[in-house]
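Not measured: the values here are computed from a predicted model.
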Amino acid sequence: MRLLSHPPARIAVVAFAQLLLVGLAVGPRLSAWATGEEYLLEVTGFDPHDPFRGAYAQLDYPGLPSGRRVPDGTAYLPLQRDGEVWVARRVLTERPDDGPYLACEGDGWGLDCGIGSWFAHDEEALAVEDALRSTTGVAVIKVDSRGHAALVDLRLP
């Protein structure tokens, strides 16, 4: 009699596979939260309320490259201190040897570094939109040693 012919064993294998997939999906963000160092980035935003995703503020980072062609696949943004905040002035296709950097995914026209949305209840998302409409705020992110980032706080003006 084979092990997988028993329903409990089959359920256990399926449950383990699902847990493994979830772990792979959220692992980089959890790593940033758990082991990352904090960096401050200038942030602007707007609130594209989406009934399917809930209330969130879509964020933009003026100190990060945008609005120009970027490489497909993984791109790296070396971070440099600029006063109180950190900025990235260039996009690399190879992982930097040292210094803090963001590991992002490029689609040819934009970069996704995993820090582009702030999910909140309706009132908070609207407050973020109002605060960031005409001025900038500060995003507190954590970045781990592999460049994975997690947005942990927003400091509004």
Say whether Arg81 and Tyr39, considering side chains only, have a donor N or O and an acceptor N or O under 3.5 Å apart.
no
When you compare the side chain of Val140 with that of Arg155, does any pair of heavy atoms fall below 4.5 Å?
yes
In short, Gln58 meets Gly116 closest at the heavy-atom pair NE2-O, 3.2 Å
Verify, without hydrogens or angle tests, whether Glu42 (side chain) and Gly137 (backbone) share a donor-acceptor contact under 3.5 angstrom.
no
Quick one, Leu154 and Leu59 - any side-chain contact, counting heavy atoms below 4.5 Å?
yes
Closest approach of Leu64 and Ala88, non-hydrogen atoms and distance?
CD2-CB, 3.7 Å
For Lys142 and Gly36 the tightest heavy-atom approach is CD-O, 4.0 Å
For Pro157 and Ala131, which heavy atoms make the closest approach, and how far apart are they?
CG-O, 3.7 Å
Is the closest side-chain heavy-atom distance between Val87 and Leu41 below 4.5 Å?
no
Mind listing the closest non-hydrogen atom pair of Pro96 and Pro78 along with its distance?
CG-CG, 4.3 Å
Is there a side-chain contact between Val143 and Leu102, using heavy atoms and a 4.5 Å cut-off?
yes
Side chains of Pro100 and Trp86: does their closest heavy-atom pair fall under 4.5 Å?
yes
Give, for atom NE2 of His148 and atom SG of Cys104, the distance between the pair rounded to the nearest 0.5 Å.
10.0 Å
State, with a plain yes or no, whether a side-chain heavy atom of Tyr101 is found less than 4.5 Å away from one of Leu77.
no
How far does CD of Glu105 sit from OG1 of Thr74, to the nearest 0.5 angstrom?
3.5 Å
Are the side chains of Leu132 and Leu156 in contact, using a 4.5 Å heavy-atom criterion?
yes
What closest approach, in Å, do Ala139 and Val43 show between heavy atoms, and which atom pair accounts for it?
N-CG1, 3.8 Å
Would the distance check show the side chain of Asp82 and the main-chain N or O of Val85 forming a donor-acceptor pair, the cut-off being under 3.5 Å?
no
Any donor-acceptor pair under 3.5 Å linking the side chain of Arg95 with the backbone of Ala75?
no
How about Leu111 and Val91: do any of their side-chain heavy atoms sit closer than 4.5 Å?
yes
